[in-house]
Amino acid sequence: MYFKSQKFKIRKFSLFLFFSLILTSCGPRIPGAEKKIEVGDTFYYWEAGAESNPGDVMRNLDKFKKLEDKTVNNLRNVLGKGEHYVWIKFDFTIPDYFRGQPLMLVIPHMKVAEQLWLNGIFISQAGNFPPRTQSTLFKSHFFSFPINLLNNEPGAKNTVLIKIFCMGKSGISSHSFIQPPQFAFPAQEIINFHHTRIYMFLVGTLIFTFILYICLFFSLPKFKEFRDFALMNLFTIFFLIPFFATELPIYNSGIIPFLLFTKFTYCIPAFFTIAFATHFAFNFMHTKQPLWVKITRSSILLLQVIITLAMKTYDGLVDMMPVLFSLLIAQGMFAVVLVIMNFTKKEKRKLSILFSLGFMPLVLTAALDITRRLHDHTQTYTFISLFGWLFSITVFIIVLSIRFARTYSSNEQLTNHLQDEVEKQTREIKNANNELSVLNERLEREKLIADMDLQMASIVQQRFFPRPDKHFRGWEISVYYSPQSKVSGDLYDYYNYNEILNGLSLFDVSGHGISASLVTMLSKSIISHTFQKGYRNKESMDAILSRINNTILNEKGNIENYMTGILCRFGPPSKDGRCHVEIGNAGHPYPLLYSARDNDVMTIRGTDGKKHYGAIGMKGIAVAFGTADFDMVEGDILMCYTDGLTESTDRQLNQFGTDRIKRILTENNSRSAAELLKTITEEFYNFTENKPVEDDITIIIAKRTNPDSYIPDEEREEEEVLIEPEEELEELPPSEY
């Protein structure tokens, strides 16, 4: 009866897990997702040196060869063993149904590390090249292609270059494709789920099982199978880590060398897992190991560890895998022989059959894995055998739990001890709750202090900026400044000599919170000093921005924040009131200019005819800042803003965009700068329905007025209605030039 009941429970639970796995592997089909640009059949490769760059590629296009091999290890097959640097090149044209959209390249599988360029512009990197080698393991690769970098003309060619560092069994997936982000991102997320994240579910079960059975072993040392079962689960956890290591900060930090990581995850834990599984077989079937068996099994395990640790290169370790795998099979064969021998013994036949049935899910799923990989060498699959291993572990959890329950129920003394233990744990929980209450009160006080400090930081930062509304000769300036939190990563400033406006700036630091606000306070004086010096020396705007970039890189040290920004220089007015304006752009959203003569709003892009790329404060990244120059007359309006304005969304996730701003500027061009700003912000908050914003927002409106009608702000304030005392704010003087 015992054996039959166990067999029924095992079958029932196995069916449940099997259908659960099928359900998690399926997902809803997204309409339109079937349209994609297949690129896996257009790969060309060229082996080069470590220092090669895209320029070398363009000079050696005739050396590229078609990558005919479609298997998962195709680069290893064509390049051979050892470490290699290889360039993959392919071209694609954008079909009509994808034109005018950003695109995303999805590569389901690629090893080991790579850098990617689109049309000569660096896009991104995955993994690390030597000397700090780091592989992306089983994670899929995706690269975003912005609209402004794509050749969208009908029939126009887009060229992708990928520099790959290869070692071991390297390859690039022939199932790679390009789609818009709304299709490609879900697709790559599904790939990552099947190849990486799905294994995290197994780890949770294994951790729980290890903790449970190691505790049971310490409570009942005579149950040695509990110890073996717990350690078998523990080393399985380490073996699973590579499948989702890219989700762990400690791996992504590059602290652990990749070869060392491989040895202590792929290899050594697998050896110990099989060793303890074999040990578990002996103790589960209550069979004592002969001395020669113990010595032989220990020698196999020791030899595996020594060989693994002795390998000095990753390729050497890969080459030794057949030997290590043979030793692994030899270790497991002791359990197989034991099952066969006990099956011939009547008193242990039931245990032998039960042990065999427990490992049957592993055997069947391993056969399925092998069959799939022999049938299709072109792509990687989820390792179903790992779930079969989980099924087997679950079966033995049930069996061992029943064994434990029977022993526990038959031991009256153990029951009494458990009651005492429960009372002890209750007291400890009560004491812990008291300590937790005291700790909560302390945390509340510390939180209050932190909030006060943050509020003070906000006040200090806002007083660091000039007043938001200011009149200069020929100019009305109005600023809207709204931090996403109490402190902001946006900064703005005016540069003037008395009533003459020489320039203004708007910069947006990456990130939010205190770190970004500190960068703004560090950068403000650097920008002001560099601009004023460049203004006096009549330097070009891109030269001024370059000096700002170099100075900030030196000053901020290892702080990772970078910034985009707009820097404007205003020349003296001509006799007809016309003012020449020069703008330098460091990767910032393009300003908008309303022309009173044309009654139209235009986007101010670079007029220097050069390519513009990069931002301020990014180490090791080449930059080229755009410049534009134009004239402004009375009634013209210049608007600069941070992307928090245009990229904010309503509750349907539609972006605010620039079209609404252009309409407001056109329809309200006769209003003052302050009135225009108020109209824009009111429409913004109506659009977002007061939904919390996700970024800092700063807007600068600079309206050109008649220089001869200039009235100082002090005289304007005397003509206005007196402000109530509680609304008065101390005016901070603008930066002196």
Side-chain angles (χ1 to χ4, degrees), residues 10-11 13-27 70-74 76-77 108-111 135 137-140 168-171 173-175 190-203 205-206 232-233 235-246 262 265-267 269-274 277-278 318 321-333 335-336 355-396:
I10 292 169
R11 287 176 178 175
F13 193 81
S14 298
L15 287 172
F16 168 75
L17 289 178
F18 176 76
F19 286 111
S20 298
L21 179 61
I22 292 176
L23 291 175
T24 58
S25 300
C26 302
K70 307 301 181 186
T71 63
V72 293
N73 301 322
N74 48 14
R76 161 89 169 203
N77 296 339
H109 170 83
M110 181 161 53
K111 287 186 179 179
S135 172
L137 299 173
F138 298 91
K139 190 174 183 178
S140 67
K169 296 182 178 181
S170 295
S173 175
S174 60
H175 296 271
I190 292 172
I191 294 171
N192 282 340
F193 176 80
H194 286 162
H195 291 176
T196 61
R197 298 179 189 134
I198 195 171
Y199 301 105
M200 298 175 73
F201 295 104
L202 305 183
V203 171
T205 303
L206 296 172
M232 184 175 68
N233 280 270
F235 285 102
T236 302
I237 293 170
F238 287 101
F239 176 76
L240 288 175
I241 287 176
F243 292 97
F244 57 89
T246 50
T262 303
T265 53
Y266 277 125
C267 303
F271 308 154
F272 279 91
T273 298
I274 299 302
T278 305
V318 171
M321 281 300 174
V323 175
L324 296 173
F325 187 74
S326 299
L327 293 173
L328 206 66
I329 294 176
Q331 181 78 258
M333 285 303 298
V336 175
F355 185 86
S356 301
L357 290 176
F359 276 98
M360 190 58 64
L362 173 62
V363 174
L364 294 177
T365 52
L368 178 60
D369 271 342
I370 294 172
T371 302
R372 287 201 305 175
R373 283 161 174 75
L374 290 176
H375 177 72
D376 185 3
H377 296 279
T378 66
Q379 59 183 318
T380 57
Y381 291 96
T382 304
F383 284 91
I384 305 298
S385 55
L386 292 175
F387 290 91
W389 180 251
L390 177 62
F391 293 172
S392 297
I393 287 175
T394 305
V395 171
F396 288 113

Can you find a heavy atom in the side chain of [X] that is under 4.5 Å from one in the side chain of [Y]?
X	Y	answer
Leu202	Trp389	no
Phe391	Leu362	no
Met321	Cys267	yes
Asn192	Phe138	no

Any luck finding a side-chain donor-acceptor pair between [X] and [Y] under 3.5 Å?
X	Y	answer
Asn74	Ser174	no
Asp376	Thr378	yes
His195	Ser140	no

Which heavy atom in [X] sits nearest to a heavy atom in [Y], and how many Å separate them?
X	Y	answer
Thr382	Arg372	O-NH2, 2.5 Å
Gly358	Ser392	O-OG, 2.8 Å
Lys169	Arg76	CA-CB, 4.1 Å
Thr278	Ala335	CG2-N, 3.8 Å

* Stepwise side chain to side chain contact (heavy atoms under 4.5 Å, CB included) test for Leu357 and Val395 -> CA-CA 9 Å; Leu357 290 176; Val395 171; over 6 Å; no
* Could you list the residues that satisfy salt bridge (charged side-chain N to carboxylate O under 4.0 Å, His left out) with Arg197, not counting sequence neighbours? =>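 Testing Arg197 for salt bridge (charged side-chain N to carboxylate O under 4.0 Å, His left out), a comparison that skips the adjacent residues, returns Glu189, Glu247.
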* Asked: Of all residues at least two apart in sequence or in a different chain, which pass the salt bridge (charged side-chain N to carboxylate O under 4.0 Å, His left out) check with Lys70?
  ->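 Per chain and number, Lys70 pairs via salt bridge (charged side-chain N to carboxylate O under 4.0 Å, His left out) with Asp41.
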* Near-ring test Phe272/Phe238, centroid separation under 6.0 angstrom ->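 Phe238 vs Phe272: aromatic centres not under 6.0 Å.
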* Is the distance between the ring centroids of Phe244 and Tyr199 under 6.0 Å? ->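 Phe244 vs Tyr199: aromatic centres not under 6.0 Å.
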* Asked: Just checking, Arg373 and Phe383: is the charged tip under 6.0 Å from the six-membered ring centre and within 45° of the axis?
  ->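 Satisfied, under 6.0 Å and within 45°.
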* **Intermediate values then yes/no, ring-ring contact (aromatic ring centres under 6.0 Å, His included), Phe235 and Phe239** => CA-CA 6 Å; Phe235 285 102; Phe239 176 76; over 10 Å; no
